[in-house]
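For ligands, and for the atoms within them, numbers begin at 1 and follow the listed sequence. These figures come from a predicted structure and were not determined experimentally.
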Amino acid sequence: MPAQTKQDKTPANGLEQNKAQAELIRHDWTQEQVQTLFALPFNDLLFQAHYIHRQFFNPNQVQLCRLLSIKTGGCPEDCGYCSQSAHAKTGLQASKLMSVDAVLETATKAKQEGATRYCMGAAWRNLKDRDMAALKEMIKGVRALGLESCATLGMLTQQQADELAEAGLDYYNHNIDTSKEFYDKIITTRTFQDRLDTLEAVRKSGMKICCGGIIGMGESVADRANMLRILANLPQHPDSVPINQLIAVAGTALENAPLPNPIEFVRCIAVARILMPRASVRLSAGREEMSDEMQALCFFAGANSIFVGDELLTKANPAQEKDKALLDQLGMTGLAAFEEPAIA
Ligand code: SAM
Ligand code: DTB
Ligand code: SF4
């Protein structure tokens, strides 16, 4: 039997289903409740997350996203994890904003290689109006290729967010990265509230929000719970939640951070899925350091989006053939661009 879409449900069945689903969408999580989820026996947590996952998604489908760094390095911010910060000693060569043609050429190739969502990242503290015209062309071009468009360009004013939305940008990525309490241990050149302000401008513009964070920066379980709780208690859940495992880059403040425990990482994916049932939860940076088994557990726990392609922004991602082999082995297939996720 083909998978049913959200609209296919018969009315009688559908009403009950919709009510049950609606009850799972909450914005009133307490810190204690989220920490209780983190403390569940692993099998109980995974069962709960997977059960919720199946009510909103086909668990065998995964969104395939592709990243491009359209402006690399030299960023004035001091984010302790980032290879592109001018405060880090990574030896990364800073570059200017790429041309529209070069971006669209790369996007065309990404589409041919199977990506359906295209994310353009710039190492900026905030977007400058002088770059807006080129960005609008990039967004329009990506959309014309039939790809979902996403950008991550630093802080935005309301006017800028509105203009990006008008140009057809589907998603804006702006991560809160960690808990409110831990934030200033990682970044000192902006505040947690700055992040929330840009997210609010994005929400008001009507664009979809892509917002998540990083696991493995020395944060506690309480910090992880706080980060996910803040995301879930936003006026609208982010449509997309990237969960990155820190790539400890030599020359950054976090170069010696140890890899997080894989079981604890899977717990973060499961809790994100339970707290934000409708969101695409992206198993984002750091997959190079994850075993196939760990990734399979993340998919079971509710991850349903990945970055494909050999490179993220500046660091490596698993080779495309390796990812294809993993997805084939798991019986998972890519979601089409703009496809409404189907229920199993
Ligand atoms: N400058 C923009 C900003 O900060 O929003 C956009 C680019 S920034 C590289 C986007 C996100 O990538 C960060 O918020 C962080 O979550 C993630 N990221 C950057 N470096 C990372 C690393 N070394 N390991 C894991 N995630 C990383
Ligand atoms: C996100 O949360 N992760 C992506 C995307 N949003 C922009 C970036 C990951 C960057 C990994 C390190 C690098 O390639 O420099
Ligand atoms: Fe700049 Fe973004 Fe890197 Fe922070 S994460 S240093 S804002 S590029």
Side-chain angles (χ1 to χ4, degrees), residues 65-90 92-95 97 117-128 131 135 149-156 171-178 183 186-192 194-199 202 209-219 227 231 238 240-257 259-260 265 268 272 279-290 303 305-318:
C65 312
R66 188 77 177 245
L67 264 176
L68 174 67
S69 181
I70 59 171
K71 194 273 164 207
T72 305
C75 182
E77 301 276 45
D78 69 352
C79 311
Y81 49 80
C82 189
S83 64
Q84 306 197 66
S85 166
H87 302 258
K89 294 186 174 47
T90 52
L92 187 76
Q93 183 76 34
S95 68
L97 181 63
R117 179 164 154 185
Y118 202 64
C119 181
M120 296 166 278
W124 288 326
R125 172 176 163 76
N126 57 289
L127 173 57
K128 307 265 183 347
D131 294 314
L135 284 161
S149 58
C150 178
T152 180
L153 314 165
M155 291 185 268
L156 300 179
Y171 292 85
Y172 195 75
N173 167 249
H174 201 66
N175 292 342
I176 58 170
D177 282 325
T178 191
Y183 201 76
I186 303 296
I187 302 152
T188 67
T189 49
R190 59 168 189 265
T191 63
F192 197 76
D194 287 331
R195 266 343 226 189
L196 296 178
D197 290 347
T198 291
L199 290 170
V202 174
I209 289 182
C210 173
C211 184
I214 306 180
I215 305 300
M217 300 193 293
E219 74 286 345
M227 175 180 91
L231 293 178
S240 173
V241 179
I243 305 292
N244 298 278
Q245 175 170 278
L246 176 74
I247 302 177
V249 182
T252 62
L254 293 173
E255 63 183 353
N256 294 320
L259 278 177
F265 183 92
C268 298
S280 297
V281 175
R282 183 165 324 112
L283 183 54
S284 200
R287 289 196 303 112
E288 274 271 273
E289 273 73 45
M290 296 179 195
S305 175
I306 54 172
F307 284 120
V308 288
D310 302 351
E311 202 175 24
L312 294 163
L313 290 174
T314 68
K315 306 306 287 182
N317 197 42

(message) Among all protein heavy atoms in this structure, tell me which lies nearest to atom 15 (O) of ligand 2, with the distance rounded to 0.1 Å.
(response) T314 OG1, 2.6 Å
(request) Ignoring angles and geometry beyond distance, decide whether R190 reaches within less than 3.5 Å of ligand 1 through its nitrogen or oxygen atoms. (result) no
(request) Please check if the side chain of N317 supplies one atom and the backbone of D310 the other of a donor-acceptor pair under 3.5 Å. (result) no
(message) Among all protein heavy atoms in this structure, tell me which lies nearest to atom 24 (N) of ligand 1, with the distance rounded to 0.1 Å.
(response) I247 N, 3.0 Å
(message) One residue to check: H87. Relative to ligand 3, which of side chain, backbone, both or neither has a non-hydrogen atom less than 4.0 Å away?
(response) neither
(message) Looking at every heavy atom in both K315 and E311, which two are closest together, and how far apart are they?
(response) O-CG, 3.5 Å
(request) Specify side chain, backbone, both or neither for T152, according to which of its non-hydrogen atoms lie closer than 4.0 Å to ligand 2. (result) side chain
(request) Find the distance between CD (E219) and CG (L246) and round it off to the nearest 0.5 Å. (result) 8.5 Å
(request) Could you list which atoms of ligand 1 come closer than 4.0 Å to a heavy atom of N244? (result) 16 (O), 25 (C), 26 (N)
(message) To check your reading of the model: name the closest protein heavy atom to atom 3 (N) of ligand 2, its residue, and the distance in Å.
(response) N244 OD1, 3.0 Å
(message) For ligand 2, which is the ligand I care about here, please tell me if L313 has any N or O atom under 3.5 Å from one of the ligand's N or O atoms.
(response) yes
(message) Set out, in order, the CA-CA distance, both residues' side-chain angles and the distance that settles side chain to side chain contact (heavy atoms under 4.5 Å, CB included) for N175 and N244, then state yes or no.
(response) CA-CA 10 Å; N175 292 342; N244 298 278; 3.8 Å; yes
(request) Report yes or no: do R282 and S240 form a side-chain donor-acceptor pair below 3.5 Å? (result) yes
(request) Show your reasoning for whether side chain to side chain donor-acceptor pair (under 3.5 Å) applies to D78 and S85. (result) CA-CA 6 Å; D78 69 352; S85 166; over 6 Å; no
(request) With the side chain counted from C-beta on, respond yes when L254 and I186 share a heavy-atom pair under 4.5 Å apart, and no when they do not. (result) yes
(request) Can you pull out the closest protein heavy atom to atom 11 (C) of ligand 1? Residue, atom name and distance to 0.1 Å, please. (result) N175 ND2, 3.7 Å
(message) Taking 4.0 Å as the limit for heavy-atom contacts, which would you say applies to N173 with ligand 2: side chain only, backbone only, both, or neither?
(response) side chain
(message) So for Q245, does at least one of its heavy atoms come nearer than 4.0 angstrom to any atom of ligand 1?
(response) yes
(request) Verify the neighbour count for atom NZ of K128: are there more than 12 heavy atoms of other residues, nucleotides or ligands below 6.0 Å? (result) yes
(request) Number the atoms of ligand 1 from 1 as they appear, then name those within less than 4.0 Å of a heavy atom of G154, with their elements. (result) 2 (C)
(request) Measure the OH-CD1 distance between Y81 and I247 for me, rounded to the nearest 0.5 Å. (result) 12.5 Å
(request) Evaluate the side chain to side chain contact (heavy atoms under 4.5 Å, CB included) criterion for residues L259 and E289: first the C-alpha distance (whole Å), next the side-chain angles of each, then the deciding distance (0.1 Å), finally the verdict. (result) CA-CA 8 Å; L259 278 177; E289 273 73 45; 4.0 Å; yes
(message) Heavy-atom pairs closer than 4.0 Å: do any link ligand 2 to the side chain of V249, the backbone, both, or neither?
(response) neither
(request) Tell me which protein heavy atom sits closest to atom 8 (S) of ligand 3, plus the residue, atom name and distance to 0.1 Å. (result) A123 CA, 3.6 Å
(request) May I ask you to identify the nearest protein heavy atom to atom 11 (C) of ligand 2, giving residue, atom name and distance to one decimal place in Å? (result) A285 CB, 3.9 Å
(request) Using a distance threshold of 4.0 Å (strictly less than), state whether atom 2 (Fe) of ligand 3 has a protein heavy-atom neighbour. (result) no
(request) Report yes or no: does G212 have a heavy atom closer than 4.0 Å to ligand 2? (result) no
(message) For atom 9 (C) of ligand 1, what's the nearest protein heavy-atom neighbour? Residue, atom name and distance, please.
(response) L313 CD1, 3.4 Å
(request) Output the list of atoms in ligand 2 that are nearer than 4.0 Å to some heavy atom of L312, sorted by atom number. (result) 14 (O)
(request) Would you indicate which of C75, A122, G121, C79 comes nearest to atom 1 (N) of ligand 1 when only heavy atoms are counted? (result) A122
(message) Distance under 4.0 Å to a non-hydrogen atom of S83: what atoms of ligand 2 satisfy this?
(response) 15 (O)
(message) I'd like to check which ligand 2 atoms, numbered from 1 as shown, lie under 4.0 Å from a non-hydrogen atom of P242.
(response) 2 (O)
(request) Could you tell me whether atom 1 (Fe) of ligand 3 has an N, O or S atom of C79 under 2.8 Å away? (result) no
(message) How close do G73 and Q84 get, counting heavy atoms only, and between which atoms?
(response) N-OE1, 2.8 Å
(request) Considering only non-hydrogen protein atoms, determine which one is nearest to atom 6 (C) of ligand 1 and report residue, atom name and distance to 0.1 Å. (result) T152 OG1, 3.0 Å
(message) Suppose we measure from atom 27 (C) of ligand 1 to each protein heavy atom; which comes out shortest, and what is that distance?
(response) I214 CD1, 3.8 Å
(message) Any non-hydrogen side-chain atom of I176 less than 4.5 Å from a side-chain atom of F192?
(response) yes
(request) Tell me yes or no: between the side chains of T90 and S83, is some donor less than 3.5 Å from an acceptor? (result) no
(request) Could you find the nearest protein heavy atom to atom 20 (N) of ligand 1 and give me its residue, atom name and distance? (result) Y81 CD1, 3.4 Å
(message) Please give me the minimum heavy-atom distance between C211 and L231, naming the atom from each residue.
(response) SG-CD2, 3.5 Å
(request) Go through ligand 2 atom by atom and flag the ones less than 4.0 Å from a non-hydrogen atom of S284. (result) 1 (C), 2 (O), 3 (N)
(message) Below 4.0 Å from ligand 1: does a non-hydrogen atom of R195 turn up there or not?
(response) yes
(message) Would K315 count as a polar contact of ligand 2, with the cut-off being nitrogen or oxygen pairs under 3.5 Å?
(response) yes
(request) Kindly determine whether T152 and C119 satisfy side chain to side chain contact (heavy atoms under 4.5 Å, CB included), including the steps that lead there. (result) CA-CA 7 Å; T152 180; C119 181; 4.2 Å; yes
(request) Run the numbers on I70 and L153 for side chain to side chain contact (heavy atoms under 4.5 Å, CB included), then give the verdict. (result) CA-CA 10 Å; I70 59 171; L153 314 165; 4.3 Å; yes
(message) Do R66 and F307 form a cation-pi contact, if we require the NZ or CZ to be under 6.0 Å from the six-membered ring centre and within 45 degrees of the ring's axis?
(response) no
(request) Check each atom of ligand 1 against the heavy atoms of L246 and keep those under 4.0 Å away; list them by number with element. (result) 24 (N), 25 (C)
(request) Pick one of side chain, backbone, both or neither for how D177 approaches ligand 1, counting any non-hydrogen atom pair under 4.0 Å. (result) side chain
(request) Enumerate the atoms of ligand 3 whose separation from the nearest heavy atom of S85 is less than 4.0 angstrom. (result) 6 (S)
(message) As an exercise, state the distance from CZ of R125 to OG1 of T189, rounded to the nearest 0.5 Å.
(response) 6.0 Å
